[in-house]
Number of protein chains: 2
Amino acid sequence: MKLEIYTKNEHQAVQNEIIGKIRDLINYKNLEPGDKLPSERMLSEKFGVSRSNVREAIRKLEFYGLVKSMPQSGTFIEDIGVIAMNGIIEDILRLEDPDFKSLVETRILLELKTVRLAALRRTDEDLMQMKEALDAYNTKVLNGEDAIQEDLLFHLAIAKASGNSTMNTLMLMITPEIIMNFEKFHVCDKNQAMLGIEEHTEIFKAIENQDPQKAKQKMKKHFKSLYQYCYNT
Amino acid sequence: MKLEIYTKNEHQAVQNEIIGKIRDLINYKNLEPGDKLPSERMLSEKFGVSRSNVREAIRKLEFYGLVKSMPQSGTFIEDIGVIAMNGIIEDILRLEDPDFKSLVETRILLELKTVRLAALRRTDEDLMQMKEALDAYNTKVLNGEDAIQEDLLFHLAIAKASGNSTMNTLMLMITPEIIMNFEKFHVCDKNQAMLGIEEHTEIFKAIENQDPQKAKQKMKKHFKSLYQYCYNT
DNA sequence: CAAACCAATTTGGTTAACCAATTTTAAATC
DNA sequence: GATTTAAAATTGGTTAACCAAATTGGTTTG
């Protein structure tokens, strides 16, 4: 149960195979929402795999909200219907690993929204935490140190202030990968970092002043100079 | 390691506690990117919990891209730096469960983007699969049957055609919860479903004609009538 | 005949033992 | 003394045994 940005391992293949078999079983036995899946032991025997493999597959299905395990009771099919169940499992099995381009594309989309929501909904505590992240970034940059981490933490603080827990989760999921790629390719040197101070401050002030339009505009500008510089397009 | 939309269980609390302890350990021992975490056995003993609990906690950290387990070797800290590690773990531990409103808000944001990208990037095969989903929806509606599942599968087909694997993943993650809430509150009755046929067709044609602007406009219209109707605002 | 009770079974969760690959250590060799 | 080699210890992964809660079926009881 994961974004699976990272590894394309053997383990993964086995798990997907089991998920496919569970789907087949649901169809073959005409299991409907609310019905109970066979026990983990039975499934592991039927599929000829270990019970822990079955458990992990079920965990993944649980992550996607397709089933729900109840202790000492069983695993039950969630109320989304057979059609959707099949379609979604099909999609999950065919999902390809996110590439960096799709990550950046998604990050920009999410952040242009979270910054707007943050301007509308930020509490005083949100503001304080953002200021803290901002100061940490500035200090590092002015000391001539690398500040990619502090940079992203400022952006995460904005996501938190957006008051949208789903977007916050999604941002958390893609941020480590973003950081790793940034550090790998050595994007964003000193000049860019100095510019970042200015742009971050502009964004912060727009959020502080609860001006969603300006906040979005400044974030857009931030991304534009950032990615224009990084990929010199 | 999950969106945790569903359960707020005891299990979850234990897991978060372990994650917090691992973070403390990283800080206390000054572990840096590339360093190896103590073995699962050692951690389970040190924390006084079962090894499987430790494994699941590590899995969650692995999901968020913070560590990486290597078979017969150890679990290693990913290259994102101590600062980011602490900030992100902190955020993960404080994450609140997504509410329905934040899900819908995120869905709209994602879909207004995926529909645009789909119009730009869709292959002929994408088009075929969308047509298939569209037909399935139409058939059900014209038969007077409930078609929420087919509805969402059409939208997922668009996400797939967007060519952005990250957004596709995110859409898959939130869709089951959307379906469940829709069915629970009985949103979208017959009239709405009939209107859906027309609107879906408009969206499909815009994607077919590779007109991103129109595609987005039609999707916006679709959401507007959908949510205006459902929540009679 | 229905309701209450109880023991046997089934369940997901937990623990402990085991495995094979890897890493480390030290002995052997030149 | 440096290099090679082999054996011992360590590791995440796997398997099997065990646990307590929950379900189930039959029996008893009012």
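Quick note on labels: first sequence line is chain A, next is B, and so on, each numbered from 1.
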Tell me, please, which residues at least two apart from [X] pass side chain to side chain donor-acceptor pair (under 3.5 Å).
X: B:Asn164; answer: A:Glu105, A:Thr106
X: A:Lys160; answer: A:Gln129
X: A:Lys131; answer: A:Asp135

(request) Enumerate the residue pairs fulfilling salt bridge (charged side-chain N to carboxylate O under 4.0 Å, His left out) with a member in residues 40-50 of chain B, sequence neighbours excluded, ordered by first and then second residue. (result)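 Pairs touching residues 40-50 of chain B that pass the test: B:Glu40-B:Arg51, B:Glu40-B:Arg55.
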
(message) Holding to side chain to side chain contact (heavy atoms under 4.5 Å, CB included), I want the full list of residues that pass it with A:Gln149, two or more places apart in sequence or in another chain.
(response) A:Glu183, B:Ile83, B:Ala84

(request) Using atom CG of B:Leu43 as one end and atom C1' of D:dG12 as the other, report the distance to the nearest whole Å. (result) 12 Å

(request) For nucleotides 8-13 of chain C, just jot down a letter per nucleotide in 5' to 3' order: B, S or -, based on protein non-hydrogen atoms under 4.0 Å. (result) ---BBB

